[in-house]
Amino acid sequence: MRKELEKVYDPKQVENRTYEFWQKGNYFHAEPDPKRKPYTIMMPPPNVTGQLHMGHALDNTLQDILIRWRRMQSYNALWMPGTDHASIATESKVVEAMREEGLTKEQLGREGFLKRAWAWKEQYGGRIVSQLKKMGSSCDWERERFTMDEGCSKAVNEVFVRLYKKGLIYKGERIINWCPHCKTSISDAEVEYEEKDGAFWHIKYPVVGSETGEYLEVATTRPETLLGDTGIAVNPNDERYQKYIGKKVILPLCDREIPVIEDEYCEMDFGTGVVKITPAHDPNDFEVGQRHNLPIINVFNEDATINENGGKYQGMDRYACRKALVADLEAEGYLLKVEPYKHNVGSCYRCHTVIEPRVSLQWFVKMEPLAKPAVQAVRDGRTKFIPERFEKIYFNWMENVKDWCISRQLWWGHRIPAYYCADCGEMVVSKDPVAVCPKCGGKMEQDSDTLDTWFSSALWPFSTLGWPEDTPELRHFYPTDTLVTGYDIIFFWVARMIFSGLEQMGDVPYHTVLIHGLVRDEQGRKMSKSLGNGIDPLKVIDEYGADALRLTLATGNSPGNDMRYSDAKVRSSRNFANKLWNASRFILMNLDDSDTDVSLPDTLTIEDKWILTQYNQLVKEATENLEKFELGMAVQKIYDFIWDVLCDWYIELTKSRLQAGGDTSKAARQILVYVMSNTLKLLHPFMPFITEEIWQALPHDGESIMISRWPEFDPDLDFKEEARQFTKVMDAIKAVRNRRAEMNVPPSKKASLHIETSSPSVFENCVPFLERLASASNVEVGKEFHLPGAVQVITDSAKIYIPMEELIDKEKELARLNKEKASCEKDIGFIRKKLDNPGFVAKAPVQLVETERGRLATAQERLAKIEESIAALEK
RNA sequence: GGAGGCGUAGCUCAGCUGGUCAGAGCGCUUGCUUCACACGCAAGAGGUCCACGGUUCGAGCCCGUGCGUCUCCACCA
């Protein structure tokens with residue numbers, strides 16, 4: 001059994017090999033099995049051409065922890081992986097690459113472009129997947145899916161047609177957010193607002209037919225939209241402007257007269273109380289325009305240059321036009337004043353170009369009927385958010401959501417399954433291609449737009465399981481259990497999956513949504529490409545190992561909260577891996593050929609009972625933490641157990657036994673193997689590689705730790721009383737060490753200990769520990785000692801004399817004892833105060849009152865001992 | 001305008017249902033070539049748990065107000 005391990009753990013020699021071993025064992029794969037309980041996680045599909053960043057690393061670490069843990073608990077655990085086609089992002093990358101070759105989309109045509117896009121996908125599509133494997137992700141790769149693969153595309157068409165037939169998808173002319181750079185519409189959720197410095201231009205609109213030269217003063221932040229004005233509005237209750245309602249004003253610089261209308265939308269106390277109405281380029285103006293039947297004049301081209309409706313400004317970029325137009329207004333005396341003004345400007349979440357609201361014909365999903373049941377599902381608790389506060393955010397959005405613009409003027413994506421007759425204009429919405437017009441027999445052409453990327457990802461939880469077919473997978477694994485994702489895509493994705501699941505499957509897509517925060521840089525900034533402050537997880541893995549990175553991301557990370565990444569944290573995780581490695585090395589070095597299994601010895605010593613009790617408690621608590629999604633807390637406890645309990649104490653305690661050999665050594669080895677290999681199981685979901693490596697080296701049953709059974713609390717290993725007794729010895733050891741350190745006695749200088757205690761047997765049993773761990777040359781245990789000149793160490797259960805007269809400074813010793821006395825008295829006062837409070841005794845739980853009484857007694861005993869010592873010294 | 005998070009040791013953060021909750025890691029100080037580990041061992045210093053009120057026998061924890069800070073939603077031209 002003896003196995004030589006390197007002194008320092010080297011993840012590089014372990015990780016790839018271990019991952020291959022798992023894959024060969026087919027441990028990641030799950031098959032539907034009605035006899036077993038499923039546990040399913042759908043991976044949020046990363047962008048197919050993307051690269052792994054810290055956000056993915058965190059997201060996937062959490063998922064892998066959950067799936068590995070449940071798998072070990074014998075669930076039929078499926079972690080479904082896949083990638084997203086990411087329409088805008090991918091398309092713009094391909095376009096960019098083409099631009100470098102001097103090519104445009106238009107030159108290539110739709111087919112040629114798509115060919116390139118697929119080639120791009122093939123080239124970069126595997127990258128993110130192999131990066132996820134480096135993390136140790138135990139996904140079922142056999143089931144890997146892509147949002148644009150055949151099955152997912154089929155699901156998309158199916159859903160589109162169903163929703164259309166129910167009247168939940170419609171086509172209409174609405175104001176949408178237009179990105180002049182991506183040249184497509186984007187949904188409301190895809191617009192990011194940012195406060196920017198702008199200006200308020202006050203413009204004079206002369207009243208038609210006024211002989212006195214009357215005018216209305218309008219303030220605007222976007223003067224160039226004046227070209228599309230078709231009216232100006234005042235509030236119906238605004239006395240200042242009553243007389244102008246119904247009249248017309250001259251639109252400056254344009255030969256156009258536009259009406260003055262009244263509308264509640266116009267607020268009296270904002271700006272001048274007069275607002276220009278540009279129905280084609282402002283969502284509110286659009287509605288006002290609808291109410292008053294104002295014409296809609298679109299003045300922009302797709303790239304936000306001015307179109308033919310802009311007269312002399314045609315062809316200018318919107319900002320060039322703004323400049324020119326303002327100059328003209330000023331020259332012609334229309335410009336009354338310019339005020340600096342801060343306002344929010346919307347921009348495209350992908351390219352950050354300022355969006356231009358624009359009227360156009362787009363496809364929409366009618367949200368209200370879908371949102372209602374989706375809200376209800378969360379209210380009923382059929383889906384829970386962790387932490388709960390994100391439910392509020394979800395409700396707030398769902399309850400105020402506007403219709404979802406799903407058409408995109410892009411080529412990379414699912415083409416909208418609507419077909420139009422070139423001859424008669426008939427439209428058919430159909431899952432399958434329609435070539436001939438059912439009405440006139442003319443040639444049909446498919447809608448040129450594609451769908452919003454999120455339309456297909458909204459179906460991810462069931463489209464990946466084979467829907468719309470009724471597959472065994474779908475029946476077994478849906479609804480899934482846990483969705484793990486960041487709060488940044490609750491609206492984009494989570495909300496849409498929930499209403500899609502309810503609508504198509506009649507059930508929620510998952511029971512729990514575990515929300516995590518962002519991984520920020522050391523200074524707390526968002527990691528971003530533009531800042532260049534992103535940390536590459538692969539580099540971290542290369543330097544410290546995947547386990548170290550995973551441990552870092554899992555530790556101290558509480559749901560929903562952002563965390564900061566720092567190298568120092570990863571280093572300390574790496575150190576932990578090394579600590580574990582060396583503890584295992586120690587155990588392995590001591591094993592012999594007879595140590596072949598993981599069983600417990602027949603007789604247990606007190607320290608065995610102590611460690612088993614601690615271990616058993618750990619099993620219970622860590623499991624409970626995991627059940628409550630307190631992953632960080634669970635791993636913290638496992639970490640503390642391994643380092644502080646197992647390494648710092650138990651291993652040290654076994655050393656004398658191991659050296660002694662014989663039965664007692666054998667028993668110690670059995671306990672070490674038992675505790676270590678089972679603790680490795682607890683740690684495995686967090687640090688899969690190193691735990692597998694060590695587990696394999698130790699005596700073990702089964703092929704792999706990842707398919708071993710998750711430990712359970714064992715009432716037979718609960719030795720509370722013995723454990724409590726044993727801590728008396730530990731306290732004594734700590735107290736002696738403390739005194740020796742204070743007096744600067746080097747460990748090499750041994751001294752005898754005389755232990756005065758009312759519970760001598762436990763100390764008598766533990767003499768070797770005191771010798772080894774408290775630098776004792778010999779130990780005597782008794783009821784009473786008279787060693788007035790000795791150093792005295794007082795614990796709750798013992799008074800220990802260390803005869804080191806030469807080291808004693810009587811004054812100092814007295815001062816120290818008096819300090820201890822004072823602190824002890826303070827404790828007693830504190831507890832007394834509680835117990836003297838009738839309210840406390842009457843209302844606090846009985847058990848707590850008892851505990852306090854016990855504490856008081858202990859403290860009083862301790863005080864007595866201190867006082868004795870003082871008295872002895874003063875003699 | 002609305003909603004929410006955060007404020008705990010020098011730094012980064014944990015603290016579950018209010019009662020051994022004053023914690024961890026890093027950093028710092030002092031010892032230690034202890035036969036697994038210096039990526040280590042041992043001992044320590046360091047906190048008005050943002051402030052003020054309230055509830056309670058009892059408050060980092062619950063409620064209110066304020067301050068600081070961050071974020072999301074809305075988008076009044």
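Because the structure is a prediction, the values reported are computed rather than measured. Residue numbering restarts at 1 for every chain, and letters A, B, ... go by the order of the sequence lines.
Annotation: B:G10 and B:C50 have their P atoms spaced 13 Å apart (nearest Å). As rounded to the nearest Å, B:C13 and B:U71 have P atoms that lie 14 Å from one another. Between B:C70 and B:U17, the distance separating the two C1' atoms is 29 Å to the nearest Å.
For the OP1/OP2 pair of B:A3 and a distance below 4.0 Å, the side-chain nitrogens and oxygens of A:Lys392 include no atom meeting the criterion. Proximity of A:Lys7 to the phosphate of B:G40: no side-chain N or O atom is located under 4.0 Å from OP1 or OP2. The side chain of A:Lys734 places no N or O atom within less than 4.0 Å of a non-bridging phosphate oxygen (OP1 or OP2) of B:G44. Residue A:Asn738 places none of its side-chain N or O atoms closer than 4.0 Å to OP1 or OP2 of B:A42. The phosphate of B:G40 has neither OP1 nor OP2 within less than 4.0 Å of any side-chain N or O from A:Trp581. The shortest distance between the side-chain N/O atoms of A:Asn561 and the OP1/OP2 oxygens of B:A14 is below 4.0 Å. For A:Arg737 and B:A43, the shortest distance from a side-chain N or O to OP1 or OP2 is below 4.0 Å. Residue A:Ser558 has a polar side-chain atom (N or O) positioned under 4.0 Å from OP1 or OP2 of B:A14. Considering only side-chain N and O atoms, A:Tyr341 lies under 4.0 angstrom from the phosphate OP1 or OP2 of B:A77. Applying the 4.0 Å criterion to OP1 and OP2 of B:U12, one finds that A:Arg564 has a side-chain N or O inside that range.
Across all strands shown, B:C35 has no partner, as no Watson-Crick or G-U wobble contact with both distances under 3.5 Å is found. Nucleotide B:A42 forms a Watson-Crick or G-U wobble pair with B:U30, both donor-acceptor distances falling under 3.5 Å. As the counterpart of B:A51, B:U65 is assigned, both hydrogen-bonding distances of the Watson-Crick or G-U wobble pattern falling under 3.5 Å.
Side-chain contact check for A:Lys637 and A:Asn625: at least one donor-acceptor pair (N or O, by modelled atom type) lies under 3.5 Å. The closest side-chain donor-acceptor pair between A:Asn561 and A:Ser558 falls under 3.5 angstrom.
Between the CG atom of A:Asn400 and the P atom of B:G4 there is a distance of 14 Å, rounded to whole Å. Rounded to whole Å, the distance from CG on A:Asp644 to P on B:A42 is 9 Å. Separating the CG atom of A:Asp285 from the C1' atom of B:C75 is a distance of 13 Å, rounded to the nearest angstrom. Between the CZ atom of A:Phe576 and the C1' atom of B:C26 there is a distance of 16 Å, given to the nearest Å. What separates CZ of A:Arg739 from C1' of B:U30 is a distance of 15 Å, to the nearest Å. Straight-line distance from the CH2 atom of A:Trp643 to the P atom of B:C26: 7 Å, rounded to whole Å. To the nearest angstrom, P of B:A43 lies 13 Å from CZ of A:Arg740. One atom, CG of A:Leu672, and another, P of B:A36, lie 12 Å apart when rounded to the nearest Å.
Closest to the A:Ser572 side chain, of the nucleotides B:C26, B:A14, B:C41, is B:C26. Of the candidates B:C16, B:G19, B:C39, B:G19 carries the atom nearest the A:Ala844 side chain, counting heavy atoms from C-beta on. Taking only side-chain atoms of A:Lys569, from C-beta outward, the nucleotide of B:C39, B:U12, B:A77 with the closest atom is B:U12. The side chain of A:Arg389 has B:G5 as its nearest neighbour among B:A36, B:A77, B:G5. Checking B:G40, B:A77, B:A36 against the side-chain heavy atoms of A:Ala583 singles out B:A36 as nearest. Comparing atom distances between the A:Arg574 side chain and each of B:C35, B:C39, B:C37 picks out B:C39 as nearest. Candidate nucleotides B:A36, B:A42, B:G4 were compared by shortest atom distance to the side chain of A:Asp648, and B:A42 ranks first. The A:Ala568 side chain lies nearest to B:C26 when the options are B:G40, B:A36, B:C26.
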(Q) With salt bridge (Lys or Arg N to Asp or Glu O under 4.0 Å) as the criterion, how do A:Arg240 and A:Asp238 come out once you've worked through the C-alpha distance, each side chain's angles and the decisive distance to 0.1 Å? (A) CA-CA 5 Å; A:Arg240 291 173 294 177; A:Asp238 195 333; 2.7 Å; yes

Q: Could you check A:Arg318 against A:Glu224 for salt bridge (Lys or Arg N to Asp or Glu O under 4.0 Å), going step by step and ending with a plain yes or no?
A: CA-CA 7 Å; A:Arg318 53 184 163 167; A:Glu224 67 280 7; over 6 Å; no

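Within the 4.0 angstrom heavy-atom criterion, base atoms lie near A:Glu652. As judged by a 4.0 angstrom heavy-atom cut-off over every strand, A:Gln636 is placed among residues touching the sugar-phosphate backbone only.
A:Tyr341 has its ring centre less than 6.0 Å from the ring centre of A:Phe200. For A:Phe686 and A:Phe576, the gap between ring centers reaches or exceeds 6.0 Å.
A distance of 8.0 Å separates CZ in A:Arg574 from CD in A:Glu543, rounded to the nearest 0.5 Å.
Using a 4.0 Å cut-off between charged nitrogen and carboxylate oxygen, A:Arg816 and A:Glu820 count as a salt-bridge pair.
Each of A:Val191 and A:Pro283 lies near RNA chain B, and the nucleotide nearest A:Val191 is the one positioned closer to the 5' end.
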